[in-house]
Amino acid sequence: MITSLYNHRRPTSILAPRTIPYHFLLASLLFSTKTTAFFHPSFIPTMVASTSTVGARRSARLQKRSLTISNDVNSNRPPSSEHYSSMKVAELRDVLRQRGLAVSGVKSILIERLILSSSSTADSPIIPTLDKEAEKDDGAGAVSNLPPKAKRTRTRKKSSLESIPESTSNKKPPQAPSSVVDYLPRTRERQLQYAHDDPSTNLVIIGVDEAGRGPLAGPVVAAAAIVPTNIAGIIDSKKITKEEERERLYEELVASPGIRYAVAIVNAQRIDEINILQATLEGMRMAVEGVMNIDGGGRSEKLKEDNVASAERKELSYVITGGVNTTTTPSKSSTNNNNSSSSYQALIDGNKIPLSMPCPSESLTKGDGREYSIGAASILAKVTRDRLMHEYDVKYPEYNLSRHKGYGTAAHMSAVREFGASPIHRRTFAPLKHMEIDEDGKIVG
């Protein structure tokens with residue numbers, strides 16, 4: 001019929017070509033019997049039946065997961081990642097919603113959140129249960145008793161009458177704001193300790209970080225720390241802009257119970273010999289070795305004098321240690337001071353691991369802002385180096401080292417051009433490596 005309408009001759013032009021319009025063909029398809037069958041009311045029960053089947057399968061899967069996790073809880077064993085990895089994302093979010101946790105993120109993040117909540121809380125985890133009566137198919141599909149999703153509500157402006165405050169007798173007393181714990185988490189540390197499979201030893205995590213890789217003058221300092229006590233304010237030292245705040249946290253760290261730390265100082269001459277990267281890695285290895293070699297015995301007066309970072313020391317590199325209590329014998333419950341029953345693993349900030357490490361090690365990119373032990377080590381390294389730069393400022397006051405800490409600021413570069421390079425300047429760093437410097441540090445030409 002449609003073709004016959006266009007068989008008669010009619011004038012042809014660019015605006016009216018002799019072709020069958022597509023909207024006529026589309027209309028014929030929409031009103032055909034095969035197409036309208038999809039919208040026929042008889043198709044609706046088929047859709048409901050398929051929805052019921054999907055609901056019943058999902059309820060059965062949740063029931064199976066609930067029994068599996070419940071058996072682990074009854075046996076005082078937290079659910080492992082294998083249990084959670086076999087679950088679907090929707091089921092993982094249902095479990096997280098029951099525990100009052102966040103449900104955002106990809107599947108690996110949801111599994112990690114569930115494992116951490118199971119290992120950190122003493123109470124049994126809440127397992128999503130299914131109502132027995134709801135398991136029966138009543139024609140509309142099985143429905144579980146999972147909590148409904150929060151509905152979005154649109155806020156409206158209050159009228160002038162609603163904005164009038166109630167009487168003072170009906171007012172509730174103001175609640176004090178909840179205290180916020182402001183320190184880095186121990187996420188990777190807890191994961192490693194949870195996965196530790198040797199019951200005869202305790203896994204002790206050593207945080208490692210450095211300070212002073214970029215400056216034009218002064219040493220690079222690496223610190224390794226075992227800090228069992230949580231101290232408010234321990235974050236990445238680069239984010240603590242006030243030097244007084246870093247000093248306060250440093251004193252709290254070295255005085256905290258159970259701490260053990262070591263700080264390695266690598267001077268500018270050593271940096272020029274092996275380059276800054278190798279000097280940094282060497283300092284990290286020395287610091288970890290220093291922490292692991294700390295014993296509970298007393299130190300002689302000679303050792304106490306050598307255990308101080310000072311601008312007067314002439315060694316190319318050295319290590320100072322501290323933090324162990326030498327007056328009391330460590331108890332069996334103290335995992336950080338019992339060398340005979342402890343194994344060690346280092347968490348290192350960055351993407352490089354030094355060679356010949358004395359213990360298993362793992363690098364963590366931007367770890368000083370992600371892991372507590374690395375953040376604590378960053379504060380120890382930063383404060384130690386700042387104190388050394390204040391001492392160097394007394395020896396070389398013309399460079400004003402206490403202000404810029406050896407970084408290549410405009411004032412620092414102006415002083416170098418005027419007075420030359422001091423013994424603590426790194427000759428392999430630009431722009432000094434492009435200058436001709438005599439034995440006294442003066443710039444020639």
Side-chain angles (χ1 to χ4, degrees), residues 78-85 92 96 99 101-102 104-122 181-199 201-211 222-240 249 253 256 258-262 280-281 284-285 287-289 291-292 323 335-336 342-354 357-382:
S80 63
S81 60
E82 297 178 356
H83 296 148
Y84 293 125
S85 60
L92 293 172
L96 286 168
R99 299 185 185 183
L101 301 175
S104 61
V106 296
K107 186 175 182 179
S108 59
I109 295 178
L110 301 180
I111 293 175
E112 180 180 350
R113 196 174 296 152
L114 283 171
I115 292 176
L116 292 178
S117 65
S118 300
S119 59
S120 61
T121 56
V181 181
D182 186 15
Y183 53 83
L184 293 174
R186 298 176 181 263
T187 305
R188 189 56 183 157
E189 178 178 349
R190 298 300 186 218
Q191 290 174 347
L192 292 172
Q193 290 175 342
Y194 178 76
H196 185 60
D197 55 358
D198 188 359
T201 61
N202 298 308
L203 182 63
V204 179
I205 302 299
I206 304 174
V208 185
D209 199 7
E210 52 77 27
I226 302 171
V227 189
T229 306
N230 292 330
I231 300 175
I234 298 298
I235 57 175
D236 182 7
S237 63
K238 302 181 186 67
K239 297 181 180 179
I240 307 175
L249 290 172
L253 274 172
S256 62
I259 186 175
R260 296 163 62 188
Y261 67 92
T280 303
L281 297 177
M284 288 179 171
R285 177 182 55 79
V288 173
E289 289 176 350
V291 168
M292 295 179 62
T335 62
N336 292 328
S342 297
S343 59
Y344 299 92
Q345 179 154 348
L347 290 179
I348 303 174
D349 178 49
N351 57 1
K352 302 286 185 182
I353 298 178
M357 286 291 287
C359 66
S361 304
E362 178 181 328
S363 62
L364 202 61
T365 304
K366 297 183 179 180
D368 50 2
R370 296 168 53 188
E371 198 68 25
Y372 180 86
S373 59
I374 301 180
S378 71
I379 292 177
L380 294 174
K382 176 66 174 174

Would you say the side chain of [Y] lies within less than 4.5 Å of the side chain of [X], judging by non-hydrogen atoms?
X      : Y      : result
Leu114 : Arg99  : yes
Leu110 : Arg113 : yes
Thr187 : Glu112 : yes
Ile205 : Arg188 : no
Val227 : Ile234 : no
Ile259 : Thr229 : no

(message) Please check if the number of heavy atoms outside Lys366 that lie under 6.0 Å from its NZ is greater than 12.
(response) no

(request) For side-chain contact (heavy atoms from CB on, under 4.5 Å), just list the numbers for Arg186 and Gln193, CA-CA rounded to whole Å, side-chain angles, deciding distance to a tenth of an Å, and then say yes or no. (result) CA-CA 11 Å; Arg186 298 176 181 263; Gln193 290 175 342; over 6 Å; no

From [atom1] ([X]) to [atom2] ([Y]), nearest 0.5 Å:
X      : Y      : atom1 : atom2 : value
Ile240 : Ile235 : CD1   : CD1   : 4.5 Å
Ile206 : Met284 : CD1   : CE    : 13.5 Å
Asn351 : Ser363 : CG    : OG    : 6.5 Å
Asp368 : Ile379 : CG    : CD1   : 10.0 Å
Ser342 : Met292 : OG    : CE    : 10.0 Å
Ser256 : Ile231 : OG    : CD1   : 4.5 Å

Would you name the heavy atoms of [X] and [Y] that are closest together and state the gap between them?
X      : Y      : answer
Gly367 : Asp349 : N-OD1, 2.8 Å
Ala376 : Leu253 : O-CD1, 3.7 Å
Val291 : Ala224 : CG2-O, 3.3 Å
Leu380 : Ala225 : CD1-CB, 3.7 Å
Leu347 : Glu189 : CD1-N, 4.4 Å
Ile226 : Tyr344 : CD1-CE2, 4.0 Å

(request) Taking ring-ring contact (aromatic ring centres under 6.0 Å, His included) as the test, write out the residues that go with Tyr261, two or more places apart. (result) none

Can you tell me if [X] uses its side chain to pair, donor with acceptor, with the backbone of [Y] under 3.5 Å?
X      : Y      : result
Ser361 : Cys359 : yes
Arg370 : Thr365 : yes
Arg190 : Leu116 : no

(request) Decide yes or no on side-chain contact (heavy atoms from CB on, under 4.5 Å) for Asp209 and Lys382, but give the supporting numbers first. (result) CA-CA 9 Å; Asp209 199 7; Lys382 176 66 174 174; over 6 Å; no

(request) Check step by step if side-chain contact (heavy atoms from CB on, under 4.5 Å) holds for Leu203 and Gln345. (result) CA-CA 7 Å; Leu203 182 63; Gln345 179 154 348; 4.1 Å; yes

(request) Decide side-chain contact (heavy atoms from CB on, under 4.5 Å) for Ile348 and Met357; before the verdict, give the C-alpha distance in whole Å, the side-chain angles of both, and the deciding distance to 0.1 Å. (result) CA-CA 11 Å; Ile348 303 174; Met357 286 291 287; 4.0 Å; yes

